[in-house]
Amino acid sequence: MAERILLTGSTLTGSGDVLMLLARAFFQSGYETRIVSAADGLPFWSRVARDAHVSLFRTIDSVSFSRHFFQTAISWKPTIIFIYGSNVFIFPHILEKLKRKLDCRFFLWEVNNNFFGEIGLRSLPIYDHVFALDSYIPPVLQVAGAKSVSHLPACADPQEHYPIPLPNDALYHADMSFLGSPYPNRVELLKHVVNRGFSLRIYGDRWHAADPSLQPFISDMPVLGLTKSKIFTNSRISLNMQGPRMINAENFRVFEVAASAGVSFSTYKPDLVQCFTPEKEVVLFENAGDLGEKMDYYLNHPAELDAIGRAARERFLEEHTYQHRVKMIEKVIQ
Amino acid sequence: MIYLQYAYQKSGLPNPARIAFDVHDTDVVRAEVLAEFAAAFPDCNVAFLPVQVDWSILIYRRSHDNLQSRIHWGRKNMGRVGVGFFCVDDRQFEVVPRASYLIWACREILISTLSGVFRLRFVGKFFLRLVDRILWLKESF
């Protein structure tokens with residue numbers, strides 16, 4: 001009998017499309033899959049609690065979502081429950097109850113390093129295996145009570161992320177683009193890029209409250225799936241600066257840029273250089289000055305930039321698709 | 001693309017054959033949304049309202065969102081099978097079949113009203129006090 005995988009996690013835009021792409025990759029590998037989203041199709045009281053934006057109602061949200069998840073699992077009878085992101089919603093006693101009733105296995109792909117909350121920490125011993133996006137985290141998780149942990153890096157999907165060259169559409173053209181949230185270090189770096197006279201496009205939420213000098217460069221365009229590929233392909237350089245929670249880890253953006261044959265300029269992370277070769281498939285910089293110098297050099301040598309984009313895409317196709325990650329997960333499952 | 005396919009499949013209905021959009025925004029947003037839908041549903045015919053179609057979809061920005069006008073729009077522009085609401089900023093696509101539109105609208109109004117009430121300060125305080133009292137009673141016994 002084929003394994004039935006019930007996946008849960010966020011489907012919000014900030015989480016990318018990872019949950020859905022992972023479900024598709026499992027499906028294409030012969031598994032039956034179903035998604036219980038922690039972001040839409042929510043039960044009534046979860047919706048009320050979230051729309052109220054009052055922290056007091058978080059427990060109501062968790063109770064309501066845990067119940068909804070439990071009922072879905074009981075009726076669908078999965079053999080594997082796979083949690084993507086971090087478990088901040090489903091109570092540990094619900095997971096234990098499901099384990100007893102369904103005799104299924106539990107897996108978590110921890111990508112936010114957010115397991116120090118009560119739910120996250122108490123759930124750790126229940127999982128049969130935890131995959132960690134951050135290679136720094138496995139020993140920490142084991143000390144915290146996880147039975148078995150391994151590193152599972154980010155990836156991209158060639159059906160969803162692919163090169164879309166638009167030579168005649170100036171809308172996506174820039175020396176550098178950045179897609180993400182306005183963390184203070186990112187704001188400082190982008191101000192430096194602007195000061196050096198490079199053309200820039202910034203995409204993402206909450207940028208309108210950021211530094212006034214960046215306002216002319218903020219795009220109001222909604223970034224949908226195809227838009228991402230268009231931005232990464234047509235911008236000469238895509239800036240990558242990891243979020244504050246990443247210790248060794250690399251986020252999904254750099255893989256999506258590679259899939260779109262774009263070029264990432266990134267700060268160093270150990271997991272990044274494991275996945276892409278510096279100066280051949282990705283360009284690393286140390287600080288704002290270094291970034292400016294490297295931008296000057298590469299923008300004057302466009303053939304080298306193109307070669308890096310092509311090499312990154314080849315490496316992505318060879319090693320970093322969702323199918324590759326499913327194979328890594330299968331080794332543990334089997 | 002995959003999000004739109006996922007959101008549509010979740011409704012339990014087959015892929016749309018004909019859809020029409022109502023986009024109250026710039027040409028750029030209109031083009032982006034069209035391209036995204038065309039890539040997600042390559043066999044689907046796409047048009048703009050007002051035409052009679054299986055699905056009519058309202059494309060809106062978060063800053064212009066108003067539940068009351070959304071519900072009114074849905075009732076007025078109901079397609080043969082249903083309506084969809086796509087918030088481009090949050091990338092949230094909600095598919096509502098015609099048969100369950102009334103239930104959906106009532107549920108949305110109720111959620112909006114209740115969450116509004118809970119946002120009121122005194123209700124939050126009352127709730128906190130209630131929880132305190134319950135905990136105190138629990139300890140007392």
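These figures come from a predicted structure and were not determined experimentally. We name chains A, B, ... by the order of the sequence lines, and we start the count at 1 in each one.
- For the ring-ring contact (aromatic ring centres under 6.0 Å, His included) test, residues two or more places apart in sequence or in another chain that qualify with B:W104 are B:F85, B:Y101.
- Proximity to chain B is absent for every atom of A:I164, based on heavy atoms less than 4.5 angstrom apart.
- Contact of B:F86 with chain A is made through the side chain alone, with heavy-atom distances under 4.5 Å.
- Between the side chain of B:R91 and the backbone N or O of A:T11 there is at least one donor-acceptor pair closer than 3.5 Å.
- Contact of B:Y6 with chain A is made through the side chain alone, with heavy-atom distances under 4.5 Å.
- Contact of A:R24 with chain B is made through the side chain alone, with heavy-atom distances under 4.5 Å.
- For residues 168-177 of chain A, heavy-atom neighbours of chain B at less than 4.5 Å comprise A:L171, A:Y172, sorted by residue number.
- For A:D205, the part lying near chain B is the side chain, with the backbone staying farther off; criterion is any non-hydrogen pair under 4.5 Å.
- When all heavy atoms of A:K230 and B:A35 are compared, the pair lying nearest together is NZ-CB, 4.1 Å.
- Panel note: side chain B:E32, backbone A:M221; no donor-acceptor pair is recorded below 3.5 Å.
- Nearest approach of A:P222 to B:R61, heavy atoms of both residues: CD-NH1, 4.1 Å.
- Of all non-hydrogen atoms in B:E36 and A:L226, the two that sit nearest each other are OE1-N, 2.8 Å.
- Between A:D51 and B:S112 the shortest side-chain heavy-atom distance does not fall below 4.5 Å.
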